[in-house]
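Below: the structure, in structure tokens.
So you know, we letter chains A, B, ... as the sequences are listed, proteins then strands, and number each from 1. Every heavy atom of this structure was used, including side-chain atoms; hydrogens, water molecules and symmetry mates were not.
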Amino acid sequence: MTAAALSDHSDGELAARIAAGHDATVAEQELYRRFVARVRAFGRRHLRDDAEAGDFAQDVLLTVIEGVRAGRLREADSIGGYVFGTCRMLLLQWRRETRRDRSLGEALQHVISAEAAPSVVVDKDQLAHCLELLPMRDRTVILLTFYADRDGDEIAAELRLSSSNVRVIRHRALARLESCLEKRASGR
Amino acid sequence: MSAADDCASPVDAAALQSYVADDLAPEEADAIDEHLFGCQACAARLERLESMRTAVRALAREGRVSTVVGASLTARWRADGVKVQDEDTATLGSTVRCTVAPGVDVLMARVIGLDLRGTERIDVEVSVNQQRVSTWEDFPADPASHEIVFTIPTQAAREAADGTDFVLKIVSVEPAGRRLIGECTFRHVDWSPHWRSG
């Protein structure tokens, strides 16, 4: 069985399988894949560094899986709250710079491999085409947001706009990119 | 399937974008965190945005997108060790020979000596060998700076045939219509150690 075969299962069902040791390997991979974007986004927001957020996500999710295996999750359906609680707990450790140098035993190696196959991948060639269709101002706002990591106020100052205008442009541009990507994916 | 199909109170699209852009007040972001960890439908939307962010970052590092260049992008490229070529400067009416050196990731160019006073919107029409290939609409130029600075997709320039002319027409968009401010030409030549003297 592959992790994809469990993609229709609820978070709680995955946690229950891990706790019971029933198809646990693929359930762990699917749980990791399902939560990694959320944990990484949480980590990036608090740690302000993409690479560190990636390490943080790995630490959190392996801690979660160890906890579920060990029966520390009382109700399988509360796995989301358990992951969130682990995020907050480990964030305190990371901020105190007492993060663990986690060495991956063989028992956890298979989980990390799930990250190599994210469920959502935006095609770069298609995105490059769609970006070029945006007005230059909108395209620049997207690059300043996602590449230069500038917030609305900073972009407003750089492009001589109001902050609210930057947010409107960003919202409109992302909607247009989504629409363009969908059209190209469906061949329209 | 939309988030509304699976989520009783989906995170507003603009709020989720601001969350990914780290552009929310902490208490608003905390509330979204809490929701996301309990909602797979909204988490899937987050994953899509995160994937787009990752792809934009890669394209920006690889010089595959034309954009206006300011201090923020320059600083980020420098921090990332991206090799930026910033040698090509044209004035209106001029033709400038230019190339793409080996190893260059991002190709910058600038047009100087512009009088943009009184303009509200600038478009830049881009032609290759007299054939219009695109229009950079709503180019965010600073009227006080007398120049525009931008990138050209590096691979497209690198693959251009020797002698290809990239013509930029700078146009002011006004209530009465489009007014040509001026144009200039970047003439691509194949790179060699002696390309400047060719």
Quiz item: Looking at B:Val68, B:Val56, B:Val65, which hits side-chain contact (heavy atoms from CB on, under 4.5 Å) with A:Arg139?
Solution: B:Val65
Quiz item: Taking all atoms of both residues into account, what is the closest heavy-atom pair of B:Pro140 and A:Met136, and its distance?
Solution: CD-CG, 4.0 Å
Self-check item: Pairwise distance CZ(B:Arg53) to CD1(A:Ile142) - rounded to 0.5 angstrom
Solution: 12.5 Å
Self-check item: For B:Arg64, all residues meeting side chain to side chain donor-acceptor pair (under 3.5 Å), sequence neighbours excluded
Solution: A:Asp125
Quiz item: Under a 4.5 Å heavy-atom cut-off, does chain B meet the side chain of A:Thr140, its backbone, both or neither?
Solution: both
Self-check item: Within-4.5 Å side-chain heavy-atom neighbours: B:Leu49 and A:Leu174
Solution: yes
Practice problem: Indicate, with yes or no, if A:Val141 and A:Leu133 share a hydrophobic cluster defined by side-chain heavy-atom contacts under 4.5 Å among Ile, Leu, Val, Met, Phe, Trp and Tyr. | Solution: no
Quiz item: Listed by residue number, which members of residues 11-33 of chain B have a heavy atom under 4.5 Å from any heavy atom of chain A?
Solution: B:Ala13, B:Ala14, B:Gln17, B:Ser18, B:Tyr19, B:Val20, B:Ala21, B:Asp22, B:Asp23, B:Pro26, B:Ala29, B:Asp30, B:Asp33
Exercise. Heavy atoms only: give me the nearest A:Lys124-B:Ala55 pair and the separation to one decimal.
Key: CG-CB, 4.0 Å
Quiz prompt | Contacts with chain A made by residues 69-89 of chain B (heavy-atom distance under 4.5 Å), listed by residue number | solution = B:Gly70, B:Ala71, B:Ser72, B:Leu73, B:Arg76, B:Trp77, B:Asp80, B:Val82
Exercise. Show your working on side-chain contact (heavy atoms from CB on, under 4.5 Å) between B:Leu59 and A:Leu127 and close with a plain yes or no.
Key: CA-CA 9 Å; B:Leu59 292 171; A:Leu127 182 61; 4.0 Å; yes
Quiz item: Which region of B:Leu46, side chain (C-beta onward) or backbone (N, CA, C, O), has a non-hydrogen atom less than 4.5 Å from a non-hydrogen atom of chain A, or is it both or neither?
Solution: side chain
Practice problem: Please determine, among A:Asp149, A:Ile79, A:Leu131, the option with the most heavy-atom pairs under 4.5 Å with chain B. | Solution: A:Asp149
Quiz prompt | Residue A:Glu75 excluded, over 12 heavy atoms near CD under 6.0 Å | solution = no
Self-check item: Residues of residues 119-138 of chain B near chain A, each having a heavy atom less than 4.5 Å away
Solution: B:Trp136, B:Glu137, B:Asp138
Practice problem: Working to the nearest 0.5 Å, report the span between CZ of A:Phe84 and CD of B:Glu34. | Solution: 5.0 Å
Practice problem: Mind ranking A:Val122, A:Leu144, A:Leu161, A:Val83 by heavy-atom pairs under 4.5 Å with chain B and telling me who comes out on top? | Solution: A:Val122
Practice problem: With a 4.5 Å cut-off on heavy-atom pairs, point out which of A:Gly81, A:Ala175, A:Ser78, A:Ala41 contacts chain B the most. | Solution: A:Ala41
Self-check item: 4.5 Å side-chain heavy-atom contact, B:Phe37 and A:Cys87
Solution: yes
Quiz prompt | Closest-packed option against chain A by number of heavy-atom pairs under 4.5 Å, given B:Arg48, B:Glu62, B:Arg61 | solution = B:Arg48
Self-check item: Min side-chain heavy-atom separation B:Glu50-A:Arg44 under 4.5 Å
Solution: yes
Practice problem: Kindly indicate whether the side chain of B:Glu47, heavy atoms from C-beta on, has any atom under 4.5 Å from the side chain of A:Arg38. | Solution: no
